[in-house]
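Each remark here refers to the structure printed beneath this line.
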Amino acid sequence: MTDHGSCRADAGDGGGTGGGGEPPAGRCITCADLAEEMTVLALCSDPGLALCLDSEGERHTVETGLLEQVAVDQRILVHAGAAIARVTIGAPA
Amino acid sequence: MRFVDEFRDAELGAAVAAEILTLVEPGRHYKLMEVCGGHTHSIYKYGIDDLLPVNVELVHGPGCPVCVIPMGRVDDGIALALENDIIFTCFGDMMRVPGSDRTLLDAKAAGADIRMVYSPLDALRIAKQNAGREVVFYAIGFETTAPSTALTLKRARAEGVRNFSCMCSHVTIVPPLRALLESPDLRLDGFIGPGHVCTVVGARPFEFIPADYGKPLVVSGFEPLDILQSVAMILEQLRSGRCEVENQYGRVVPYEGNPRALEVMAEVFELRPHFEWRGLGFISHSGLRLSDEYAELDAEQRFHVPGVRVADPKACQCGEVLKGVIKPYECKVFGTACTPERPIGTCMVSSEGACAAYYNFGRFTREREAV
C-alpha cells in the first residue's frame, strides 16, 4: 500500500488533510458546500497528492486527481481534502 | 489576505449596494433563494442582508448537506457504529445531528469507536493504520463533496485496502430544487446558485430553472462582494426582462464544470431511485449510492443497516425553513428549546444551517426600512 505520508503535512497525528488542528471558528468543518482556496507548495511522490498551503498558513495534503496538470504555485479550490477547481486569480472590478 | 480582502472591500460593497437600490422597483417584493448553506452563513456573518433594501428578501434553500439528512439515516449510522466492532468515521458536524434518541456523539460516549475526520482521505488513512479492523466512512454532501469520496474509494481499491468501506448519503442538488419549484406554497423571483457545486457540475444543469420555471439564476461566489454582485445581476435580469443562467463566479466555475470529477463520480456512484430529505420527504433520483463496480466497498452491503424511518419531530419546522416558507425565527422552538448547544432540528446543527446562522449572528427578527 502507498503511504500517504510521503508528502505529509505537519499535522499532529500523522498528516491528515485537514491539518489536524481545530476547525476554523464559525465554519462547518468540511461537510457543507464550503471550499477553501490554497496554493500548491509541492507535488508528492505519491501520484495524485500535493502539499498545499491555506490562507491561514496551514499545510494540507490534498488529492489533486480531479485536476489536470497541477503545478507548484497554482491556486486551487479544495473541498473535503480534494482539489475541485483551479482559481483564476483576480480582484473584483 | 491577498485575493480575499479584495472581495470584502467595504467601499466596493457600498457601491454595489447603491447599485442594487437603483435596480429595485418600489412597491415590488423580491424573493431570492440562496441555494447553498455556505451563502446563508456568509450573508449573516457579513451582514449582507442589512445592505439590501427591505423589499429584497433572501430565502434560505436546502443546500446544507447536514440539514437535509433525515433522522432515520442518523439512526442507521449509529446502529452500524454500535452493533459492529468497527471504526466509524464522519465529518464533525454530522456527529451532532440528532437521531431519534441520540446523536453519533452520544453513541461515541456510549462506547462506539466514532472518529471525526476532515476528509475521506483521512478515513482511508485510519483504515491503513488499523488493518485489523473495519473502517466505515459516513459520506454526506452534495456534488462538491462526492468527487472526494469517489477519489478515495478509487484509491482504496487501487491500493487494496480491504478493511475500508463507505456508507453513502451523498445527495444531488437539482432534484430538490425542482421539487421546491413545484411547491405551491413557495413563490420565488430568482436564485443565487451554489458556486462550489457548480465547480463540479457546471452551470448548465441549472438551465431548466429559467427555461421551465421562468426564474433567473446567478452562480455566485461566497465572499460578500460576490453575493452582492449576484443579487445585483439577478435584479438586473428581472428589470430588463431577461431570464437566464449567469456565472458571477467565473474565477472558479467553468460553465461546463469539472469533466474529470463528473467522470469519477459516474464511475463510482449511481443514482438511488429515491432518497429521503429532512423536511422535504422522498425525492426521486436525488441520492447517490455506490455503483455495482464498487459494491465491495459499500458498507450497506458489507454490514446490516436497519433502514430506519423516523418522522421529523413535531415541534421542529426545519422542513418549512428549508423550503423557505418561514424564517428561522418564526419557528416555534427557535432559540428556546432549539439552540446550537441543544438542537432539535438539523438546521440548528451545522453553521451552514439557516437556523444556526440566524442564531449565531443574533438575527432574531428582521427590522429594516422599506425603500
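Sequence lines set the chain letters: A, B, ... in the order given, protein chains first and strands last, and positions in each chain run from 1.
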Exercise for the section: Taking the side chain as every heavy atom from C-beta outward, state whether B/Leu121 and A/Leu49 have any atom pair closer than 4.5 Å. Expected result: yes
Exercise for the section: Could you tell me which non-hydrogen atom of B/Ser119 sits nearest to which non-hydrogen atom of A/Ala80, and how far apart they are? Expected result: CB-O, 3.2 Å
Rounded distance (nearest 0.5 Å) linking atom [atom1] of [X] with atom [atom2] of [Y]:
{"X": "B/Tyr249", "Y": "A/Thr88", "atom1": "OH", "atom2": "OG1", "value": "11.0 Å"}
{"X": "B/Thr144", "Y": "A/His79", "atom1": "OG1", "atom2": "NE2", "value": "5.0 Å"}
{"X": "A/Glu63", "Y": "B/Leu124", "atom1": "CD", "atom2": "CG", "value": "8.5 Å"}
{"X": "B/Arg251", "Y": "A/Glu37", "atom1": "CZ", "atom2": "CD", "value": "6.0 Å"}
{"X": "A/Glu36", "Y": "B/His196", "atom1": "CD", "atom2": "NE2", "value": "10.0 Å"}

Practice task
With sequence neighbours left out, write down each residue that passes salt bridge (charged side-chain N to carboxylate O under 4.0 Å, His left out) with B/Glu11, or none if nothing qualifies.
Solution key: none
Handout entry: Donor-acceptor pair, side chain of B/Asn258 and main chain of A/Leu66, under 3.5 angstrom
Key = yes
Problem - chain B contact via A/Ile84 - which portion, at a heavy-atom distance below 4.5 Å - result: both
Exercise for the section: Using non-hydrogen atoms and a 4.5 Å limit, figure out which bit of A/Ile76 sits close to chain B: side chain, backbone, both or neither. Expected result: neither
Problem - Within 6.0 Å of CD in A/Gln69, more than 12 heavy atoms from elsewhere - result: no
Exercise for the section: Can you sort out the partners of B/Ser148 under side chain to side chain donor-acceptor pair (under 3.5 Å), two or more places apart, ordered by chain and number? Expected result: none
Fill in the blank from the handout: Bottom line for B/Val252: the part with an atom under 4.5 Å from chain A's heavy atoms is both
